[in-house]
Amino acid sequence: MLRRTFLGATALALGLAAAAHAQDDGKTKVGFVFVGPVGDGGWTFEHNKGRLALEEEFGDKIETVYKESVPEGADAERVMTQMALSGADLIFSTSFGYMDPTINVAKKFPDVKFEHATGYKRADNVSTYSARFYEGRAVQGLIAGHLTQSNKIGYIASFPIPEVIRGINAAYLAAREVNPEVEFNIVWAFTWFDPAKEADAAKALIEQGADVILQHTDSTAPQAAAEAAGDVYTFGQASDMAEYAPMPRVSSIIDNWAPYYIERTRAVMDGTWESQDTWDGIAPGMVEIGEISDAVPPEVKEKALALKEAIAAGEAHPFTGPINKQDGSAWLAEGETADDGTLAGMDFYVEGLKGEIPN
Amino acid sequence: MNFGSIDPVLLIASLMVAATPIVLAALGELVVEKSGVLNLGVEGMMITGAICGFAVATETGSPLAGFAAAALGAMLLSLVFGLLTQVMLSNQVATGLALTLFGLGISALIGQDYIGVKPPRTQPIDFGGLGDLPLLGPVLFNHDWVVYLSLFMVFATGFFLNRTRAGLVLRACGENHDAAHAIGIKVVRIRLAAIAFGGACAGLGGAYLSLVRVPQWTEGMTAGAGWIALAIVVFGAWRAGGVLLGAYLFGGMTVLQLNLQAAGVALPVEYLSMSPYLITIAVLVVMSARRRTRLAAPAALGRVFHASS
Amino acid sequence: MPGRAAGMCGMIALEKRPQPSRLWALATPLLAVLLTMIAGGLLFALLGKDPFAAIRTIFWDPLFDPQFSGYSRPQLLVKAGPLILIAIGLSFGFRAGVWNIGAEGQYIVGALSGAAVGLALYPYDGWIVFPAMVLAGLAGGIAWAMIPAILRAYFKTNEILVSLLLVYVAENLLASMAVGPLRNPEGGGFPGSRNLAQWSGSANPELIAGTGMHWGVVAAFIAVIAAYVLLARHMFGFHVRLAGQAPRAAGFAGVDPARLIILCLGISGGLAGLAGLFEVTGPAGQIGIDFNVGYGFTAIIVAFLGRLNPIGILLAGLLMALTYIGGELASFMLDIPMAAIQAFQGMLLFFLLAVDLLVNFRIRIKRREIAP
């Protein structure tokens, strides 16, 4: 029975692929699958900005389509299949949970190119891409370490996944470098999106003495809580959140997908597209540091920009030994830098951080 | 473990703010349910209020106008529910759910141009030196006007339901609509008024989220607060005071679990996040073992009324 | 002069039909769809989109468009399957006045327990694995539903509230399982379980290629037939109807309320759990932080749209699935915001619920007595 199903699926796939090709009209069609609404002001908002930049760059030569708020799993697979059927040449799937669906659909449409964000499974027609946000976190950590008076930095985290843990570690290491007394208080919100809860988390941290708040959740609720509290510093996340500058927002990490989307679309148009794994950081501009405001003393700003330049030039790495893990065991020796494999799957705190990673 | 850094006074002050949207929405739903109608669309009305309030407040620069618009917008939406359930005699559970779906959609449509916009601030009321009093200051004299409005509404709603003739009439509709109709009460009109009031309250609650508590507009930003408000009505045993208690308990648990995390208390986080719900259930079980609470549900709740004569 | 106009035209009044109208029972859904097309068309036109294209894309293309229908027709079953399965389970309780609003939670826990059993047996792939997972999924859903059932039956705790709050508890449980015990050990620390659909022991594949039929859809069809028989011919069906319409009479007829509550919640929880299990082993493939997508809530609407009748639920489930898939198509083909699609779905539900009135009532124009 299983065998017959597989054979049947192949036959169907061939039929589908043929159908997809009947639709070509010379324009390159680029599809985007978004996990949130384009109005979320964070993750999906920035991906959609990348899509709009793409339209601006190529004008009439391309057509873009997108579908927002696509749940991970079966719905994502269906949306991607329908996009491929509608004649898309290139599809960006922009959430980790789309990984297996992307691979499945890619198998059915060998001539359509797929780009999956933040995953690790690739195929001949599936590339992966992600951003080294931790580079930006290190710059934030440096500023935060200098700014804090109470030596308590609050950190609002979403879920205990490598991406988030990496950010905490990078920020902490950079903060401790400039301020050995610094302490991180971490709150796990266990949600991607609940602005009210983020506001409460920020308040709780502030009331317990934190005077700098870092966030790995996308709403501006913590910024507003900090503004109401007075002298608390925050950083924008995912988008610039410039409406809260110069105080409390003193800088930000911006996800800038536009250059990558333009480059990959051009590759499809030229016929030079190849499957690859991209993990870009500050250097190519995928991770941007939002303007550092005047609330930051000039010498700190200078140091932060210097760190940014050094990271961009490849002279500095946020994870450079000696670094021990939280339990005291050695991780990186003097001068050694972390390899991408360990970073990608990071599931431990570095030495000095308090508390346990949930689970 | 270190509980030392948690300040109970600040905790109470923040839980009051955290619970205010739920208090407002739940009070509205309380009146609706007392009139014998179950409107499960609170979430949809809250989010509609959130965007109406946000849009008008940013356009006019006046939070007060925003709150008024929120009440009005959500009230209009609630009247769709009223029309369907009271005039077209549709099923209340299904209509309420449809209202939530519709409200989430329509609010996102209205809100397309308001993403990343900062609304005008709603300042705490200045009570002079009173806000600096130890203990009482932060809890009683350092909030914005909506918090006081919500407290006043608790009192007013309780008074209206139990001490006024109109309240008695409304409750009569909720207990036995046929009997109420027989003695000449206009059941449908009263229920429509209750539904409109419920919508307005939910709208205020939503606007408090988008204008004060968060404050920003993003799609789906109520993130389930409307459902909690529904639960709190039952939890409060259909009494205004009970609603306040329930909302503060729930808000308190949410704030407390975040504070415990921030204080670095070594408890498993995933269980802490579940705790507000689990504790609400536990308290409910204890309460429902008492006979008085059990009898508090309006007898005609959710039943369709049609005057056959 | 509205007063005078009303006086002249008379007043609209409702008159209850002695019997529900069979004609209108069939005609109202069509009328509602028609009204939605008009109102929805206006909405799309307001947004500057071609209303005719939008309506055609939503209702016609998934079924008949040569480019899409070959794929999307079977997908209707995939999308409708869990909705129907859960709604059938809920319909018993809703008839009897037992309000399970928390099917979403039971769906999650069913998927979690089924997946846990499967993952514990990995990589063993004997035939026994899938049946064991199905049983575990069923048991998980029932167990989660038993919490509100027992609290309601023995402590008189309101089941609407408990079942609803347990959805949030289940969502937290799901998140912690996805990043904790059920996480794929070969997944490089990323959240989410192994892919159950890609391991032959636990896979719930398409049974006949190109039809969308997987075990969950089969289960949904079986549930429809079983519910039909149970309601029409079995004592339990009679008790359920009696308890809903005349609780006091049910007491005299020897219906044990506690037993009825436990049965109703058990059935709905069990079917929701099964739906979760079939979804996680088939279309979804894995446990992830956001595994649940609201089937449990949408199923409540489906149950009522189907008038709590098994055949009605089957049709309502398919209609809902059509608006999802068609809405999706319209969203990216015509660049219509998802929000507009959601509002459109809400409108469809409003109209369906509103015109249902015509089945049980007759509209009469009464002459208004002219006041002296």
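Naming convention: chains lettered A, B, ... in sequence-line order (proteins, then strands); numbering from 1 in each chain. Computed from a prediction, not measured in an experiment: that's the story for all the values here.
- Shortest non-hydrogen contact noted between A262(B) and Q208(A) is C-OE1, 3.5 Å.
- Shown here is F348(A), whose CZ atom has more than 12 heavy atoms of other residues, nucleotides or ligands within 6.0 Å.
- Note: A201(A) leads A201(A), A242(A), G209(A) in heavy-atom pairs under 4.5 Å with chain B.
- Counting only distance, with no hydrogens or angles, the side chain of E243(A) and the backbone of V117(B) share no donor-acceptor pair below 3.5 Å.
- Comparing P358(A), A199(A), S239(A), G355(A) by heavy-atom pairs within less than 4.5 Å of chain B, the highest count is held by P358(A).
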Report the C-alpha separation of Q112(B) and V38(A) in whole Å, then their side-chain angles, then the decisive distance to 0.1 Å, and conclude whether the side chain to side chain contact (heavy atoms under 4.5 Å, CB included) test is met. CA-CA 9 Å; Q112(B) 281 174 335; V38(A) 294; over 6 Å; no

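- The contact between E219(B) and chain A is made by backbone and side chain atoms together, counting heavy-atom distances below 4.5 Å.
- Neither the backbone nor the side chain of A210(A) comes within contact range of chain B, judged by heavy atoms closer than 4.5 Å.
- Only the backbone of L11(B) has a heavy atom closer than 4.5 Å to any heavy atom of chain A.
- Counting heavy-atom pairs under 4.5 Å between each of V255(B), T254(B), I115(B) and chain A puts I115(B) at the top.
- A 6.0 Å sphere centred on CG of N324(A) holds more than 12 heavy atoms belonging to other residues, nucleotides or ligands.
- Side chain of Q261(B) to main chain of W188(A): a donor-acceptor pair is present (N/O by atom type, distance under 3.5 Å, no hydrogens or angles).
- Ranked by heavy-atom pairs under 4.5 Å with chain B, the list D240(A), D218(A), D200(A), D194(A) is led by D200(A).
- With a 4.5 Å cut-off on non-hydrogen atoms, L205(A) touches chain B through its backbone and its side chain both.
- Residue E356(A) does not touch chain B at all, counting heavy-atom pairs closer than 4.5 Å.
- Rounded to the nearest 0.5 angstrom, L272(B) CG and F190(A) CZ are separated by 10.0 Å.
- Minimum heavy-atom separation, V214(B) to A224(A): O-CB, 3.4 Å.
- Once rounded to the nearest 0.5 Å, the distance linking NZ of K118(B) with CE of M241(A) reads 12.5 Å.
- Contact of P215(B) with chain A is made through backbone and side chain together, with heavy-atom distances under 4.5 Å.
- Nearest heavy-atom pair across K197(A) and S273(B) is NZ-CB, 4.3 Å.
- Residue K203(A) touches chain B through its side chain alone, counting heavy-atom pairs closer than 4.5 Å.
- Neither the backbone nor the side chain of Y155(A) comes within contact range of chain B, judged by heavy atoms closer than 4.5 Å.
- When heavy atoms are compared at a cutoff of 4.5 Å, L209(B) approaches chain A solely by way of its side chain, counted from C-beta outward.
- When heavy atoms are compared at a cutoff of 4.5 Å, Q123(B) does not approach chain A at all.
- Contact annotation for L258(B): both backbone and side-chain heavy atoms come within less than 4.5 Å of a heavy atom of chain A.
- The two residues E207(A) and S14(B) make their nearest non-hydrogen contact at OE2-OG, 3.0 Å.
- Of the two parts of E227(A), the backbone and the side chain both hold a non-hydrogen atom closer than 4.5 Å to a non-hydrogen atom of chain B.
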